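Given the structure is predicted, the values throughout are model-derived calculations rather than measurements.
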Amino acid sequence: MPIKSLFGKTYQVIERSLEIGKVRHGLIASNVANVDTAGYKAGEIDFDKALKDALEKRRVGLTQTHPRHFGIPGLGAGNYEISHAEQSWVDIDREMSKLAENNLRYQTSIEVLLRKFSALKHTIAEGGR
């Protein structure tokens, strides 16, 4: 919790963006892997809606199977709405385009995170001067 207060809302957005990017990448990879599967319908996650939902804390928590188990706030798989295409085939060009877009979003999030850490490192190193 203390590290989140160092970065505020930006850190939270980056964290959720990376998480959604990871889930979306897996879904796109699944679509590509099933390109020749008859009857398979491609799935998709609306990144902007998923990020908005995640920031509004619409998440799935851990299931407590025993009253003595501790709950861990904020931990758990994301609850992302997956939509399926109307057609029963996968358009490989569209999937590759989505993969490239997802990769760019992911790399951008990583770059922002690295800059945040760099700024923190600079502040710590120069704070005593």
Self-check item: Residue Arg115 excluded, over 12 heavy atoms near CZ under 6.0 Å
Solution: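 Check fails, neighbour count at 12 or below.
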Quiz item: Does one hydrophobic cluster hold both Tyr106 and Ile14, with members joined at side-chain heavy-atom distances below 4.5 Å?
Solution: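 Hydrophobic grouping puts Tyr106 with Ile14.
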Quiz prompt | Passing candidate, side-chain contact (heavy atoms from CB on, under 4.5 Å) with Asp48, options Asp46, Leu51, Ile45 | solution =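 Single side-chain contact (heavy atoms from CB on, under 4.5 Å) partner of Asp48 among Asp46, Leu51, Ile45: Asp46.
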Quiz item: Who are the side chain to side chain donor-acceptor pair (under 3.5 Å) partners of Glu95, not counting sequence neighbours?
Solution: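 Side chain to side chain donor-acceptor pair (under 3.5 Å) list for Glu95, sorted by chain: Asn31, Lys98.
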Quiz item: With no hydrogens and no angle check, is any side-chain donor or acceptor of Ser118 less than 3.5 Å from a backbone partner on Leu114?
Solution: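 Side chain of Ser118 to backbone of Leu114, a donor-acceptor pair under 3.5 Å: no, none is there.
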Quiz item: Is it true that a side-chain atom of Ser30 and a backbone atom of Gly26 form a donor plus acceptor pair closer than 3.5 Å?
Solution: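 No, because the side chain of Ser30 does not come within donor-acceptor range (under 3.5 Å) of the backbone of Gly26.
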Practice problem: Report yes if the side chains of Tyr40 and Val35 come closer than 4.5 Å at any heavy-atom pair, otherwise no. | Solution: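 No, side chains not in contact.
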Practice problem: Grab the two heavy atoms, one from Gly43 and one from His84, that are nearest each other, plus how far apart they are. | Solution: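 Looking at all heavy atoms of both residues, the shortest contact is CA-ND1, 3.7 Å.
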Exercise. Would you name the heavy atoms of Ala42 and Val90 that are closest together and state the gap between them?
Key: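 Residues Ala42 and Val90, closest heavy atoms: CB-CG2, 4.3 Å.
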Quiz prompt | Pi-cation contact, Phe47 with Arg24 (under 6.0 Å, within 45°) | solution =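 No, a cation-pi geometry is absent between Arg24 and Phe47.
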Quiz item: Can you check side chain to side chain contact (heavy atoms under 4.5 Å, CB included) on Met96 and Ile92, steps first, answer last?
Solution: CA-CA 6 Å; Met96 290 294 115; Ile92 194 70; 4.2 Å; yes
Self-check item: CD1-CD distance between Ile20 and Glu15, expressed to the nearest 0.5 angstrom
Solution: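 If I round to the nearest 0.5 Å, the distance is 10.5 Å.
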